[in-house]
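What follows is a set of notes on a single structure, which appears directly below.
Treat the numbers as computed from the prediction; the structure is a model and nothing was measured. The chain is numbered in sequence order, starting from 1.
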Amino acid sequence: MTTNKHAAAALALCATLAPAVATSAASTPPFLDVLAYEYGQCVQPAYRQADLQIYDGPGSYRLKVKDEAYTLALQVRMGFSVQAGIDGPVGAVVTLERPPAAQFQEQALWRERSLRDVADRSGVALEARVLADGARLLIVNKSPIAGADVGQSLLIHPRRQLFAGMAWPNRLPGCQGPDGMALVRKVQDDVWQRMQSCPPAAWRERRAAYTPTPRTRIDK
């Protein structure tokens with residue numbers, strides 16, 4: 001009788017804990033390896049992923065905004081480029097960064113301040129978009145187009161614990177033409193929409209099965 005009571009109590013406890021365990025598993029952010037792989041799949045067939053890189057181990061770098069400096073601590077950092085078709089020009093250079101969870105909100109504020117400072121110094125507006133899942137997309141584009149890059153973007157995604165920075169090189173044909181900025185915005189919107197179309201369910205399904213492909217490791 002005592003054994004049956006203990007078994008019943010154990011089953012009741014398991015039933016109580018099960019929803020919390022499931023919620024915890026569902027809220028675990030996807031590995032950056034998995035995100036990078038999924039993003040590479042989602043941008044196809046119009047684009048292809050190239051130059052996949054990973055920075056070896058935790059690291060940090062300093063961010064300067066006017067006369068202030070802030071150290072961005074990172075748990076892991078990856079990067080890749082997005083090419084316009086096979087062997088085509090690089091349309092975007094992407095950096096995926098995940099900070100310690102306790103620093104995410106503070107880093108988000110500093111990163112936005114930094115991008116806003118870039119916009120102010122360039123004499124252009126900082127464009128902000130609210131996306132699904134609580135994410136925000138910040139965009140700064142040069143006007144007129146000049147230099148190595150035509151603009152910068154930053155995806156702030158609290159649920160994925162992800163900062164996705166994107167530089168847009170001045171390499172696509174037509175960027176210097178009269179409709180250059182319209183072309184830049186079209187490519188930016190196309191790439192972001194493809195990356196945002198990645199199905200969240202696929203991330204967790206690939207966590208155990210995914211084997212990273214060879215890539216370049218970079219010292220911190």
Side-chain angles (χ1 to χ4, degrees), residues 30-56 61 76-98 111 115 118-119 122 124-129 131-132 135-157 160 162-200 202-203 206 210-219:
F31 296 143
L32 290 199
D33 271 9
V34 176
L35 274 178
Y37 175 82
E38 290 293 339
Y39 285 151
Q41 296 298 303
C42 290
V43 297
Q44 295 182 22
Y47 309 92
R48 66 180 294 271
Q49 186 185 70
D51 305 322
L52 185 62
Q53 301 174 337
I54 185 168
Y55 293 74
D56 201 6
Y61 62 91
V76 64
R77 185 185 191 197
M78 295 188 67
F80 59 88
S81 61
V82 176
Q83 290 183 334
I86 298 176
D87 297 327
V90 173
V93 178
V94 184
T95 302
L96 306 180
E97 297 180 338
R98 175 164 292 150
R111 290 168 186 266
L115 205 56
V118 171
S122 302
V124 296
L126 174 67
E127 181 182 350
R129 303 180 188 177
L131 307 179
R136 297 176 66 230
L137 178 61
L138 307 177
I139 304 170
V140 173
N141 286 319
K142 295 179 181 178
S143 181
I145 295 175
D149 295 329
V150 299
Q152 300 178 42
S153 302
L154 175 66
L155 174 69
I156 302 174
H157 205 309
R160 298 180 201 169
L162 172 70
F163 295 112
M166 189 171 287
W168 304 90
N170 188 4
R171 301 178 187 173
L172 292 177
C175 281
Q176 298 299 330
D179 299 323
M181 185 50 66
L183 172 63
V184 168
R185 289 185 176 276
K186 181 178 180 180
V187 171
Q188 288 175 343
D189 288 344
D190 189 29
V191 171
W192 276 121
Q193 287 173 9
R194 289 173 185 272
M195 289 176 64
Q196 287 298 301
S197 71
C198 293
W203 300 334
R206 296 182 186 272
Y210 175 59
T211 302
T213 54
R215 61 226 164 172
T216 304
R217 288 190 173 271
I218 302 176
D219 293 334

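- The shortest non-hydrogen separation linking Ala128 to Leu138 is CB-CD2, 3.7 Å.
- Within the structure, salt bridge (Lys or Arg N to Asp or Glu O under 4.0 Å) contacts touching residues 79-97 (residues at least two apart or in different chains) are Arg77-Glu97, Glu97-Arg111.
- With sequence neighbours excluded, the residues satisfying side-chain contact (heavy atoms from CB on, under 4.5 Å) with Val140 are Leu115, Val118, Ala119, Val124, Leu126.
- Qualifying side chain to side chain donor-acceptor pair (under 3.5 Å) partners for Gln188, counting only residues two or more places apart in sequence or in other chains: Asn141.
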Full working for side chain to side chain contact (heavy atoms under 4.5 Å, CB included) between Leu35 and His157: CA-CA 12 Å; Leu35 274 178; His157 205 309; over 6 Å; no
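- Rounded to the nearest 0.5 Å, atoms CD1 (Ile86) and CD (Gln44) are 8.5 Å apart.
- Interatomic distance, CD1 of Ile156 versus CG of Leu131, reported as 10.5 Å (0.5 Å rounding).
- Among residues two or more places apart in sequence or in another chain, the side chain to side chain donor-acceptor pair (under 3.5 Å) test is passed with Asp190 by Tyr47, Arg194.
- Here the CD1-CD distance, from Ile139 to Gln152, works out to 12.0 Å after rounding to the nearest 0.5 Å.
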Derivation of the side chain to side chain contact (heavy atoms under 4.5 Å, CB included) call for Val191 and Val94: CA-CA 11 Å; Val191 171; Val94 184; over 6 Å; no
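- Side-chain atoms of Arg48 do not come within 3.5 Å of backbone N or O of Gly88 as any donor-acceptor pair.
- Remark: Gln83 CD to Asp51 CG distance equals 6.5 Å, nearest 0.5 Å.
- With hydrogens and angles ignored, the 3.5 Å screen pairs no side-chain donor or acceptor of Gln49 with any backbone N or O of Val43.
- Two residues are said to be in side-chain contact when any heavy atoms from C-beta on lie closer than 4.5 Å; Tyr39 and Leu96 meet this criterion.
- Of the inter-residue distances, the one linking Glu38 atom CD with Phe31 atom CZ reads 13.5 Å to the nearest 0.5 angstrom.
- One distance of note links OG1 of Thr95 with CE of Met78; it measures 11.0 Å at 0.5 Å rounding.
- Phe163 pairs by the ring pair (Phe, Tyr, Trp, His ring centres under 6.0 Å) definition with Phe104, not counting sequence neighbours.
- Nearest heavy-atom pair across Pro169 and Gly91 is CD-O, 3.5 Å.
- Here the shortest heavy-atom pairing between Leu155 and Ala135 reads CD1-CB, 4.1 Å.
- Trp192 and Ala164 get closest at one heavy-atom pair: CH2-O, 4.0 Å.
- For Asp189, the salt bridge (charged side-chain N to carboxylate O under 4.0 Å, His left out) partners two or more places apart in sequence, or in a different chain, are Arg129.
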